Amino acid sequence: MNAIGSIYKAPARGRSVLPGFTGGTLKLTDNLNKAVMLTTANAIMVTNPGADKLRMTIVPTTGLFSGSFIYTGQTKLTPFAGVLFQDQTLGGGYFLGPNGSGKVELTQ
């Protein structure tokens, strides 16, 4: 198991929570890989939304994120949560699915 860390600094109004990140992939282990974009308002937009109802919200003051999706074969939303790593220009987190825990990765 690898561990990373960095100090999070809340961006000034109108600045990005992840400098240099404009788009990438939001991956939820064994379930979803979706292309996403980071807007100038620090919102994550799923570029090809589908039946999984994937959504993600970032709190710019803390660098924490949360969201939800419909796990394959399920009907209820599965929540996820995580944190942004500015120095590495990525985010990482977890979700608790019907078969145990899974990993959330936001990468370029």
Side-chain angles (χ1 to χ4, degrees):
M1 176 181 274
N2 295 325
I4 62 169
S6 63
I7 295 174
Y8 180 82
K9 184 175 179 178
R13 188 173 194 89
R15 299 287 185 167
S16 178
V17 292
L18 285 175
F21 184 100
T22 56
T25 303
L26 182 60
K27 179 181 179 182
L28 291 95
T29 304
D30 298 330
N31 201 27
L32 287 174
N33 283 315
K34 290 282 191 162
V36 295
M37 293 176 55
L38 180 62
T39 71
T40 56
N42 288 315
I44 290 289
M45 288 181 44
V46 179
T47 58
N48 188 17
D52 50 62
K53 297 187 180 179
L54 177 63
R55 67 172 188 82
M56 180 176 157
T57 304
I58 296 172
V59 180
T61 56
T62 63
L64 299 176
F65 66 80
S66 62
S68 61
F69 67 103
I70 295 181
Y71 196 92
T72 302
Q74 302 294 308
T75 57
K76 293 183 181 179
L77 289 172
T78 299
F80 63 85
V83 64
L84 300 176
F85 296 96
Q86 290 172 320
D87 290 348
Q88 293 84 6
T89 316
L90 59 84
Y94 73 99
F95 65 90
L96 299 176
N99 302 318
S101 64
K103 184 168 52 169
V104 177
E105 297 176 294
L106 176 65
T107 59
Q108 287 187 334

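For clarity, every value in this text was computed on a predicted model and none was experimentally measured. Along the sequence shown, residues carry numbers from 1. All values below come from the heavy atoms of this structure, side chains included, with hydrogens, waters and symmetry mates left out.
When all heavy atoms of F65 and V83 are compared, the pair lying nearest together is CE2-N, 3.3 Å.
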Derivation and outcome, side chain to side chain contact (heavy atoms under 4.5 Å, CB included), residues T107 and K27: CA-CA 8 Å; T107 59; K27 179 181 179 182; over 6 Å; no
Derivation of the side chain to side chain contact (heavy atoms under 4.5 Å, CB included) call for M56 and V36: CA-CA 10 Å; M56 180 176 157; V36 295; over 6 Å; no
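The closest donor-acceptor contact from the side chain of Y71 to the backbone of K76 lies at 3.5 Å or more, if one exists at all. Using modelled atom types, no side-chain atom of Q86 and backbone atom of S6 make a donor-acceptor pair closer than 3.5 Å.
Note on ring orientation: taking the six-membered ring where Trp is involved, the planes of F69 and F80 are tilted (angle from 30° to 60°).
A distance of 14.0 Å separates CG of L26 from CE of M45, quoted to the nearest 0.5 Å. Summarising the geometry, atom CD belonging to E105 is positioned 10.0 Å from atom OG1 belonging to T25; distances are rounded to the nearest 0.5 Å. Note that the CZ atom of F95 and the CG atom of L28 stand 5.5 Å from one another [nearest 0.5 Å]. Atom OG1 of residue T75 and atom CD1 of residue I70 lie 7.5 Å apart, to the nearest 0.5 angstrom. Between atom OH of residue Y94 and atom OG1 of residue T29 there is a gap of 14.0 Å, rounded to the nearest 0.5 Å. Taken to the nearest 0.5 Å, the CG atom of N99 stands 10.5 Å off from the OG1 atom of T72.
Following chains of ILVMFWY side-chain contacts shorter than 4.5 Å, one cannot reach V46 starting from L77, and the two form parts of different hydrophobic clusters.
Exactly one residue among L106, L90, V59, T62 makes a side chain to side chain contact (heavy atoms under 4.5 Å, CB included) with L84. That residue is L106. Exactly one of S66, S68, P49 qualifies for a side chain to side chain contact (heavy atoms under 4.5 Å, CB included) with R55. That residue is S68.
At a threshold of 4.5 Å between non-hydrogen side-chain atoms, the residues I58 and L38 count as touching.
Residue pairs meeting the side-chain hydrogen bond (donor to acceptor under 3.5 Å, both in side chains) criterion with at least one member in residues 41-50, sequence neighbours excluded, do not occur.
Under a 4.5 Å side-chain heavy-atom criterion applied to ILVMFWY residues, the cluster that includes M37 comprises that residue alone.
At most 12 heavy atoms of other shown residues, nucleotides or ligands fall within 6.0 angstrom of atom CD1 in I7.
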